[in-house]
Amino acid sequence: MKNIKPRLKVKEQDPQKRNMNFLEVALGYSLEEAKEEALRCIDCKNPRCVQACPVRVKIPEFIKLLLEDALDEAFDKIYEDNILPSICGRVCPQESQCEGACILGIKSEPVNIGALERFVGDYGMEKNLAEASKQIENKIKVAVVGSGPAGLANAASLRKKGYDVTIYEALHDYGGVLKYGIPDFRLPKDIVTHEINNLEKMGVKFVKNAVIGKSITIDQLFEEGYESIFLGSGAGLPSGLGIPGENLSGVYFANEFLTRVNLMKARAVPDSLTPMKLGDNVAVVGGGNVAMDAARTAKRLGAKNVFILYRRDRESLPARFDEIHHAEEEGIDFRLLENPVELFGEDRVVKTVKVEAMKLGEPDSSGRRRPLPTGKYKTYPIDNIIISIGQKPNPILKDNTMGLETQPWGGIITDEYHMTSIPGVFAGGDVVTGAATVILAMGAGKDAAHHMDEYLQNKHNV
Amino acid sequence: MYKIIEKKVLNKDIDIMKIEAPLVARNAEPGHFVILRVDKEGERIPLTIADIEGNNVVIIYQKMGYSTQLLGKKEAGDTIEDFVGPLGQKAHIRDKKHVIGVAGGVGSAPMLPQLKAYQEKGVKISLILGARNKDYLILKEEYEAICDNIYLATDDGSEGTKGLVTDVLEPLLKEDDTIDHVIAIGPVIMMKFVTLLAKKYSRSIDVSLNPIMIDGTGMCGNCRVSIGGKTYFGCIDGPDFPGEDVDFDELMSRQSYYKDEEHVCYLRLKQ
Ligand SMILES: Cc1cc2nc3c(=O)[nH]c(=O)nc-3n(C[C@H](O)[C@H](O)[C@H](O)COP(=O)(O)OP(=O)(O)OC[C@H]3O[C@@H](n4cnc5c(N)ncnc54)[C@H](O)[C@@H]3O)c2cc1C
Ligand SMILES: Cc1cc2nc3c(=O)[nH]c(=O)nc-3n(C[C@H](O)[C@H](O)[C@H](O)COP(=O)(O)OP(=O)(O)OC[C@H]3O[C@@H](n4cnc5c(N)ncnc54)[C@H](O)[C@@H]3O)c2cc1C
Ligand code: SF4
Ligand code: SF4
Ligand code: FES
């Protein structure tokens, strides 16, 4: 194999400046840089990267088109499999998917597929390449519940096949976690808005402020003439630690914290009506993307000491590699192998967190080494603590839909065609898998659309 | 956008508003609430559904701070940005013989649909309405139509008993053993003391909790309340809960965590 050049670094905002603003951290490649990085791809015959991408983006093919300056075609190539390239290029856990399998990774560093996909996606967005041509209309009504990546992908696929698609969203804005969860410095909100506008131009209808199960039930949707329904309501319900003091004032769940900042635009009082109250010392519990986002957001809101409490070691942190790295650069302190066991307050406002030192034992069912208590404790003074240890589906659909079967933890049960226990009702994304990733949710929405189409075509042809 | 069909000023602080919102009206039941945003920059605030008339939803709100003041500046014909519901669990309408409602201030608004539901079941209904002074005793006529007894209490004695609702409630619970259930809706401190009385006289009690909410769909966790040492989400498990084991002090603390920031917003509106 010829000598491989090192991976071309993506320009980033200076850590000491960016931890005071909400502008995007990674600045992305220029065309020249993208082509330079694209040259590293050796165009494998059996590309391992493609196998490792949940939606099988034809990576070497789009990279080749990029090198040939055929940017429109490169965009179309990605778009065949992924309708949200600008978003996935930014937030996919590439190191455990496409890039994790890239052959170059064995001897050197993998091709920066994420940054290349982002580049082509942004190019396509600027040129409005995704703008839809006129549709065939089959006049069959389908409803989509939730406007996160699963719902958006499902709606786009069905719309392309000619269906009359309506998305119902509980909140006052569309995009699900892409809008209320992931902060601007990782995923600028205008990108999400652009994608939503694209769907609107394709003729997808959007209804906000509609909580399915409450405002309209599944039965009522069928009565209104929807012939199939996709449930993409996500896993929004935050889990607690279940430790004493968890409901003291000043203790936030990450969703509250991030929603106030992202969806409700809390920055500093009095600029926002939904403010965020944050002291100097902020602890964040958890080691996933949500925890990294919470910690980095806290820093940007002016907290002086932000530290992460995580009960396993650094290698076990489930967050994207880039986010951990960026958090460290921005001055977030990682207190590893520490598990909060109690919170203490003064006048019912949290003041102290007591943590237990942990050690790692044998691997557990997740394959990671199980954290074990040591009986050694420490306390830290805090002004706020943000709990980011996981989410599950909210119970609204389950509680208000007769015959909808769910797992004990709340996930909706589906068969291999993504159909739920109710004929004609399909589901996908976090509401089926539990909290996962944008691309898995998108992929599920798209696959489900395929089976919904089959289901509806069968129904109409007999 | 949601159109304001009608608006009436009930007193200096409290308005009643009828808003066109078919998606809220369709499945609403007593105890459900809405979350609204007045304008594009608005915060999300919860208000109880006081009544449903066809496609229209009636809300009654007290102009407490920024958002409710802003809402109060709107008139019939204007629109508000967002209005979502019905949220929460419907009220528990239990098998009882004689229910006494205890409503403090604007709590008399959310109380009305609940007592109506009991009345429709043929349950005997007594009511204690409490307020600062006689101008703040709202919905008296509506209640007269459904209640067997109404007792009034004002802080200044301008109408009814001078004193607190608990002063009126205690002798009733002591003397009238037909009363087998209490419902308290009002300031948290009032619900706390009414609950203590209900416990003292061994009556069951339901309260309607009003923690700070954002989404109202179980997503943010801001609305959590402790009941008997367990955590519940006010927006999806409530807002109505049996009162006995509610940690009212925790609720009061969590409600007031943002009071300085709310004050800043409020001052801005005054400018
Ligand atoms: C802070 C944070 C950071 C993350 N970072 C990453 C990352 O870097 N990379 C990555 O790949 N993944 C990340 N994830 C995970 C990823 O965002 C999710 O896996 C993905 O968004 C799931 O998509 P979804 O469409 O299933 O659900 P969601 O995005 O949760 O969307 C569901 C939508 O349905 C709506 N809804 C719920 N109930 C109803 C109802 N009854 N009626 C109508 N609407 C309803 C909700 O309001 C919401 O808008 C992150 C998640 C969070 C919270
Ligand atoms: C389920 C529920 C039903 C309610 N029903 C009614 C009703 O029918 N009529 C009525 O007048 N009021 C009702 N409230 C209270 C109402 O939501 C608050 O008065 C309103 O949010 C105050 O907002 P503000 O900006 O005007 O005042 P602010 O000055 O911002 O706040 C005043 C106080 O209101 C509370 N509050 C503020 N923001 C919120 C929020 N987002 N969610 C909940 N509480 C908040 C806090 O305790 C705060 O100290 C209800 C609350 C809940 C939770
Ligand atoms: S969608 Fe995600 S996993 Fe697939 S190629 Fe793009 S960045 Fe990689
Ligand atoms: S595995 Fe790596 S080198 Fe091979 S095609 Fe994929 S990106 Fe290119
Ligand atoms: S209001 Fe957000 S979870 Fe209840």
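Naming: A, B, ... by sequence-line order, numbering from 1 per chain. In this text, all values refer to a predicted model and were calculated from it rather than measured experimentally.
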### Criterion salt bridge (Lys or Arg N to Asp or Glu O under 4.0 Å) on A/Glu246 and B/Lys230, from CA distance to verdict
CA-CA 11 Å; A/Glu246 192 161 17; B/Lys230 265 190 78 179; over 6 Å; no
### Task
Check whether NZ of the Lys or CZ of the Arg B/Arg224 lies under 6.0 Å from the centre of the six-membered ring of A/Phe253 and within 45 degrees of that ring's axis.
yes
### Query
Any side-chain heavy atom of A/Gln220 sitting closer than 4.5 Å to one from B/Asn27?
yes
#### Entry: More than 12 heavy atoms from other groups under 6.0 Å of NZ on B/Lys121
yes
### Query
Given side chains that start at C-beta, do those of B/Asn222 and A/Arg260 come closer than 4.5 Å, heavy atoms only?
yes
### Query
A/Arg348 versus B/Asp249: any side-chain heavy-atom pair under 4.5 Å?
yes
### Segment of A/Val251 engaging chain B (4.5 angstrom heavy-atom cut-off)
both
### Query
Between B/Tyr257 and A/Asp383, what is the shortest heavy-atom contact and its length?
OH-O, 4.3 Å
### Query
Taking atom types as modelled, is there a side-chain donor on A/Asn394 or B/Thr217 under 3.5 Å from an acceptor on the other?
no
### Task
Examine whether an atom of A/Leu258 lies under 4.5 Å from a heavy atom of chain B, and if so say whether it belongs to the side chain, the backbone or both; otherwise answer neither.
neither
### Task
Please step through salt bridge (Lys or Arg N to Asp or Glu O under 4.0 Å) for the pair A/Lys208 and B/Glu81, ending with a clear verdict.
CA-CA 11 Å; A/Lys208 61 174 183 169; B/Glu81 187 68 25; 3.7 Å; yes
### Message
Counting only heavy atoms not in B/Lys7 (residues, nucleotides, ligands), do more than 12 fall under 6.0 Å from its NZ?
### Response
yes
